[in-house]
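To start, the structure itself, in structure tokens.
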Amino acid sequence: QVELVESGGGSVQAGGSLRLSCVLSGGDTFTNYCMGWFRQAPGKEREGVAAIVSGGGNAVYADSVKDRFTISRDNSQRTLYLEMNALKPEDTAKYYCAVYHSSACVLRTSALKARIYNIWGQGTQVTVSS
């Protein structure tokens, strides 16, 4: 059984930084999973934040976080990361990591569509105060 567990959320003032982690346990070889981060604020739809291919070489970001957030993965540790800098109050949301199993990860903005991911973590809350 594949399980994703996120950590690293918290409360921070605007302009601050946080680093989210997501550990994948169970399942297949880690590099067979395409991975992404999503977020959902109260009353809003789930939004794709960033996605990364299995080898870690290519990533895609939502325009709202480009140049502030960095997605990365450590395949040896079966861990996905999201480094968040210059945080804004509008970044406040519950952040989820998600994966789907594939030998060919979707690239570009299609990788930020929640419907292509079939395994989700429970989420970690990020709150940014002004």
Side-chain angles (χ1 to χ4, degrees):
Q1 183 177 351
V2 179
E3 184 179 18
L4 296 169
V5 178
E6 303 97 332
S7 62
S11 297
V12 64
Q13 289 192 326
S17 299
L18 284 173
R19 187 194 198 199
L20 306 183
S21 300
C22 173
V23 177
L24 185 148
S25 61
D28 198 356
T29 304
F30 189 67
T31 51
N32 287 337
Y33 293 95
C34 308
M35 309 189 76
W37 286 100
F38 292 78
R39 66 186 181 185
Q40 189 166 21
K44 294 189 176 181
E45 291 188 357
R46 191 164 294 191
E47 172 192 20
V49 174
I52 191 167
V53 299
S54 56
N58 289 312
V60 62
Y61 297 90
D63 288 342
S64 58
V65 306
K66 205 170 292 183
D67 299 326
R68 298 189 298 122
F69 290 12
T70 302
I71 188 172
S72 62
R73 59 191 290 167
D74 184 335
N75 290 337
S76 67
Q77 298 296 319
R78 298 175 66 88
T79 302
L80 177 73
Y81 299 101
L82 186 68
E83 185 77 35
M84 305 185 294
N85 297 313
L87 283 161
K88 305 175 181 180
E90 51 263 44
D91 294 319
T92 295
K94 196 165 188 179
Y95 284 70
Y96 300 86
C97 69
V99 306
Y100 62 95
H101 189 280
S102 178
S103 59
C105 299
V106 173
L107 297 175
R108 301 184 179 177
T109 56
S110 299
L112 300 180
K113 302 295 185 184
R115 64 176 179 268
I116 69 173
Y117 295 83
N118 61 345
I119 302 170
W120 293 79
Q122 293 301 305
T124 184
Q125 179 67 36
V126 171
T127 302
V128 184
S129 58
S130 57

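These values consider heavy atoms only, across backbone and side chains, with no hydrogens, waters or symmetry-generated copies.
- Under the 4.5 Å side-chain heavy-atom criterion for Ile, Leu, Val, Met, Phe, Trp and Tyr, Val65 and Leu112 are members of distinct hydrophobic clusters.
- Trp120 is not connected to Val126 by any chain of hydrophobic side-chain contacts under 4.5 Å among Ile, Leu, Val, Met, Phe, Trp and Tyr, and they are in different clusters.
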Would you tabulate the side-chain donor-acceptor contacts of residues 35-57 under 3.5 Å, counting partners in other chains and residues two or more places apart, or write 'none'?
{"from": "Trp37", "atom 1": "NE1", "to": "Tyr81", "atom 2": "O", "distance (Å)": "3.1"}
{"from": "Arg39", "atom 1": "NE", "to": "Glu47", "atom 2": "OE1", "distance (Å)": "2.8"}
{"from": "Arg39", "atom 1": "NH1", "to": "Asp91", "atom 2": "OD1", "distance (Å)": "2.9"}
{"from": "Arg39", "atom 1": "NH1", "to": "Tyr95", "atom 2": "OH", "distance (Å)": "2.9"}
{"from": "Arg39", "atom 1": "NH2", "to": "Glu47", "atom 2": "OE1", "distance (Å)": "3.4"}
{"from": "Arg39", "atom 1": "NH2", "to": "Ser64", "atom 2": "OG", "distance (Å)": "3.4"}
{"from": "Gln40", "atom 1": "OE1", "to": "Arg46", "atom 2": "NE", "distance (Å)": "3.4"}
{"from": "Gln40", "atom 1": "OE1", "to": "Arg46", "atom 2": "NH2", "distance (Å)": "3.4"}
{"from": "Gln40", "atom 1": "NE2", "to": "Lys44", "atom 2": "O", "distance (Å)": "3.1"}
{"from": "Glu47", "atom 1": "OE2", "to": "Ser64", "atom 2": "OG", "distance (Å)": "3.4"}
{"from": "Ser54", "atom 1": "OG", "to": "Thr31", "atom 2": "O", "distance (Å)": "3.4"}

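- Val2 and Tyr33 make their closest contact through CG2-OH, 3.6 Å (heavy atoms, listed as atom of the first residue, atom of the second, distance).
- With values rounded to the nearest 0.5 angstrom, Ile116 atom CD1 is found 9.0 Å from Ser102 atom OG.
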Tell me which donor-acceptor pairs under 3.5 Å the side chains of residues 15-25 have, and how far apart each pair is, sequence neighbours excluded?
{"from": "Ser17", "atom 1": "OG", "to": "Asn85", "atom 2": "OD1", "distance (Å)": "2.8"}

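- One hydrophobic cluster, built from ILVMFWY side chains closer than 4.5 Å, holds both Val12 and Phe69.
- Tested against Asn75 for a side-chain hydrogen bond (donor to acceptor under 3.5 Å, both in side chains), the candidates Gln77, Arg78, Arg73 yield a single pass: Arg73.
- Under a 3.5 Å cut-off, the side chain of Tyr117 and the backbone N or O of Cys97 do not form any donor-acceptor pair.
- Note that CD of Gln13 is 9.0 Å distant from OG of Ser130, once rounded to the nearest 0.5 Å.
- Side-chain contact between Tyr100 and Cys105: present, with at least one pair of heavy atoms (C-beta onward) separated by less than 4.5 Å.
- No more than 12 heavy-atom neighbours from other residues, nucleotides or ligands sit within 6.0 angstrom of CG on Asp67.
- For the pair Gln122 (side chain) and Glu6 (backbone), a donor-acceptor distance under 3.5 Å is absent.
- At a threshold of 4.5 Å between non-hydrogen side-chain atoms, the residues Tyr61 and Thr70 count as touching.
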For a side chain to side chain contact (heavy atoms under 4.5 Å, CB included) check, start with the C-alpha distance between Glu3 and Ile119, then their side-chain angles and the critical distance, and finish with the verdict. CA-CA 8 Å; Glu3 184 179 18; Ile119 302 170; over 6 Å; no
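- The side-chain heavy atoms of Val128 and Glu90, taken from C-beta on, include no pair separated by under 4.5 Å.
- A distance of 12.0 Å separates CG in Asn58 from CD1 in Ile71, rounded to the nearest 0.5 Å.
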